[in-house]
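Both backbone and side-chain heavy atoms feed into the values below; hydrogens, waters and symmetry mates do not.
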Amino acid sequence: VPRGAAAPICFKTGLAHLEQNQLPDALSCFDEAFLALAKDQSRGADIKAQATICAQYKIAVTLLREILRLQRVQGASALSAKDEMARLSRHLASLPLLAKHRINCIRTAIKRNMEVQNYGYSKQMLELLLSKAPASKQEELRGLVDLCVQRGTSNKSIDPLEDPSQLCSATLSRLSTIGYDVCDLCGAKFAALSSPGCIICGMGSIKRSDALAGPAPVSTPFG
């Protein structure tokens with residue numbers, strides 16, 4: 001972990017650790033990148049874009065660590081752990097990461113969701129991969145699409161109203177559709193954060209999502 005290094009070095013080292021599945025080291029690198037970005041910001045640099053992608057990767061590593069923890073669950077809880085891994089992997093697949101990492105996350109989501117008979121979701125993600133896959137991979141993906149179709153393309157454990165992109169970065173739970181808190185710098189979302197500052201980037205302020213959307217609805221002039 002490059003302590004005290006410039007943000008691009010910390011970020012790229014974090015990606016290298018992530019690719020080796022060294023998740024604690026990856027997390028430390030992304031935290032170092034945020035510390036470096038804070039210094040850049042204090043010198044007047046606009047760091048919003050860097051903070052945003054760094055936050056997405058920090059959330060990705062957090063999701064992967066939780067999936068890893070759930071893999072070790074044994075006995076009576078193993079079934080609900082599988083459903084939870086499938087849910088976390090759907091959030092993971094929706095993160096706007098760099099293309100090669102996003103593809104790996106989508107593959108994880110397909111595997112985890114096929115395991116719990118979410119064939120509708122898996123088919124949708126397989127078709128997304130098919131549209132981008134090289135010729136050598138097409139046959140394998142088509143075979144998996146056919147399997148989902150044979151199994152009926154329904155989802156055993158997905159709430160039809162779920163939006164995988166709406167994830168609380170603190171608790172990893174689904175966000176309420178009514179409104180949530182969001183960091184004005186890195187864009188991390190939270191269900192309801194008691195701290196005024198962002199726990200992902202450590203720099204941004206927390207705002208209500210409806211506050212970011214513009215003016216409040218007007219009252220009717222007709223009484």
Side-chain angles (χ1 to χ4, degrees), residues 1-72 85 88-112 128-129 132-134 137 164-172 175 180-190 193 195-207 212:
V1 177
R3 307 264 175 218
I9 293 169
C10 298
F11 180 70
K12 284 172 185 157
T13 310
L15 294 186
H17 282 302
L18 173 61
E19 286 166 10
Q20 298 293 317
N21 218 18
Q22 295 156 341
L23 301 179
D25 287 341
L27 204 56
S28 300
C29 288
F30 297 136
D31 281 335
E32 282 293 320
F34 281 126
L35 292 174
L37 287 172
K39 286 183 198 154
D40 295 344
Q41 190 184 38
S42 69
R43 297 188 198 107
D46 178 5
I47 58 157
K48 195 174 174 67
Q50 292 94 317
T52 302
I53 190 155
C54 212
Q56 298 302 328
Y57 274 92
K58 186 171 171 180
I59 294 161
V61 171
T62 309
L63 284 164
L64 284 165
R65 289 184 78 178
E66 183 59 11
I67 289 169
L68 212 58
R69 188 189 70 77
L70 288 164
Q71 275 176 348
R72 295 194 279 271
M85 283 191 280
L88 294 171
S89 73
R90 292 193 296 276
H91 289 302
L92 183 67
S94 77
L95 294 174
L97 307 178
L98 299 169
K100 65 175 175 176
H101 301 132
R102 180 126 199 258
I103 286 168
N104 284 339
C105 291
I106 290 170
R107 281 186 167 275
T108 299
I110 291 165
K111 177 174 183 278
R112 295 283 163 212
L128 180 64
L129 285 189
K132 300 175 178 0
K137 292 266 166 61
S165 69
Q166 302 295 11
L167 169 80
C168 172
S169 303
T171 63
L172 303 182
L175 286 177
Y180 47 85
D181 299 345
V182 61
C183 172
D184 63 358
L185 179 69
C186 76
K189 300 167 190 167
F190 303 96
L193 207 58
S195 66
C198 177
I199 61 167
I200 295 291
C201 70
M203 292 175 274
S205 308
I206 300 300
K207 304 266 189 285
L212 289 181

Check your understanding: Which heavy atom of Q50 sits nearest a heavy atom of L37, and at what distance?
Key -> CB-CD2, 3.7 Å
Review point. Do H91 and L172 touch side chain to side chain, with heavy atoms closer than 4.5 Å?
Key: no
**Study point:** L185 side, atom CG; Q41 side, atom CD - distance, nearest 0.5 Å
**Key:** 5.5 Å
Study note, to complete from the structure: Scanning both residues in full, the closest heavy-atom pair of V61 with A26 reads CG2-CB, 4.1 Å
Review point. Between M85 and I67, which heavy-atom pair has the shortest distance, and what is it?
Key: SD-O, 3.5 Å
Review point. Where do D40 and A7 come nearest, in terms of heavy atoms and distance?
Key: OD2-CB, 4.2 Å
Exercise for review: Check whether any side-chain N or O of D181 sits under 3.5 Å from a backbone N or O of F190 as a donor-acceptor pair, and report yes or no.
Suggested key: no
Practice item. Any chance you could lay out the side-chain contact (heavy atoms from CB on, under 4.5 Å) test for T52 and K48, step after step, and finish with the verdict? Key: CA-CA 6 Å; T52 302; K48 195 174 174 67; 4.3 Å; yes
**Study point:** Euclidean distance, I47 CD1 relative to C201 SG, rounded to 0.5 Å
**Key:** 7.5 Å
Review point. Are any non-hydrogen side-chain atoms of E19 and H101 less than 4.5 angstrom apart?
Key: yes
Review point. So do Y180 and C168 actually touch side chain to side chain, heavy atoms under 4.5 Å?
Key: no
Check your understanding: Looking at side-chain heavy atoms only, is the closest gap between L27 and R65 below 4.5 Å?
Key -> yes
Exercise for review: Indicate yes or no: at least one non-hydrogen side-chain atom of C105 is less than 4.5 angstrom from one of L97.
Suggested key: yes
Exercise for review: Measure the acute angle between the ring planes of F30 and Y57, then classify it against the limits of 30° and 60° as parallel, tilted or perpendicular.
Suggested key: tilted
Exercise for review: For L92 and R112, run side-chain contact (heavy atoms from CB on, under 4.5 Å): C-alpha distance rounded to whole Å, both residues' side-chain angles, the deciding distance at 0.1 Å, then the answer.
Suggested key: CA-CA 11 Å; L92 183 67; R112 295 283 163 212; over 6 Å; no
Review point. How far apart are the closest heavy atoms of A188 and I59, and which atoms are they?
Key: CB-CD1, 4.4 Å
Identify all side-chain donor-acceptor contacts of residues 10-18 below 3.5 Å with residues at least two apart in sequence or on another chain.
{"unit_1": "T13", "atom_1": "OG1", "unit_2": "I9", "atom_2": "O", "d": "2.6"}
{"unit_1": "H17", "atom_1": "ND1", "unit_2": "Q22", "atom_2": "OE1", "d": "2.7"}

Review point. Would you find a donor on one side and an acceptor on the other, under 3.5 Å apart, between the side chain of K39 and the backbone of G4?
Key: no
Review point. Rounded to the nearest 0.5 Å, how far does CG of L88 lie from CG of L68?
Key: 12.0 Å
Review point. Could you give the distance from NZ (K189) to SG (C183), rounded to the nearest 0.5 Å?
Key: 12.5 Å
Check your understanding: So, do E66 and L63 sit near enough that their side-chain heavy atoms are less than 4.5 Å apart?
Key -> no
Check your understanding: Considering residues at least two apart in sequence or located in another chain, which fulfil the side chain to side chain contact (heavy atoms under 4.5 Å, CB included) criterion with A93?
Key -> I106, A109, Y121
Check your understanding: Looking only at atom types and distance, does a side-chain atom of K58 sit under 3.5 Å from a main-chain N or O of I200, one as donor and one as acceptor?
Key -> yes
Point to revise | Greater than 12 external heavy atoms within 6.0 Å of K137's NZ | key: no
Study note, to complete from the structure: Residues L95 and Q56: closest non-hydrogen pair is CD2-OE1, 3.2 Å
**Study point:** Partner set under side-chain hydrogen bond (donor to acceptor under 3.5 Å, both in side chains) for S169, not counting sequence neighbours
**Key:** none
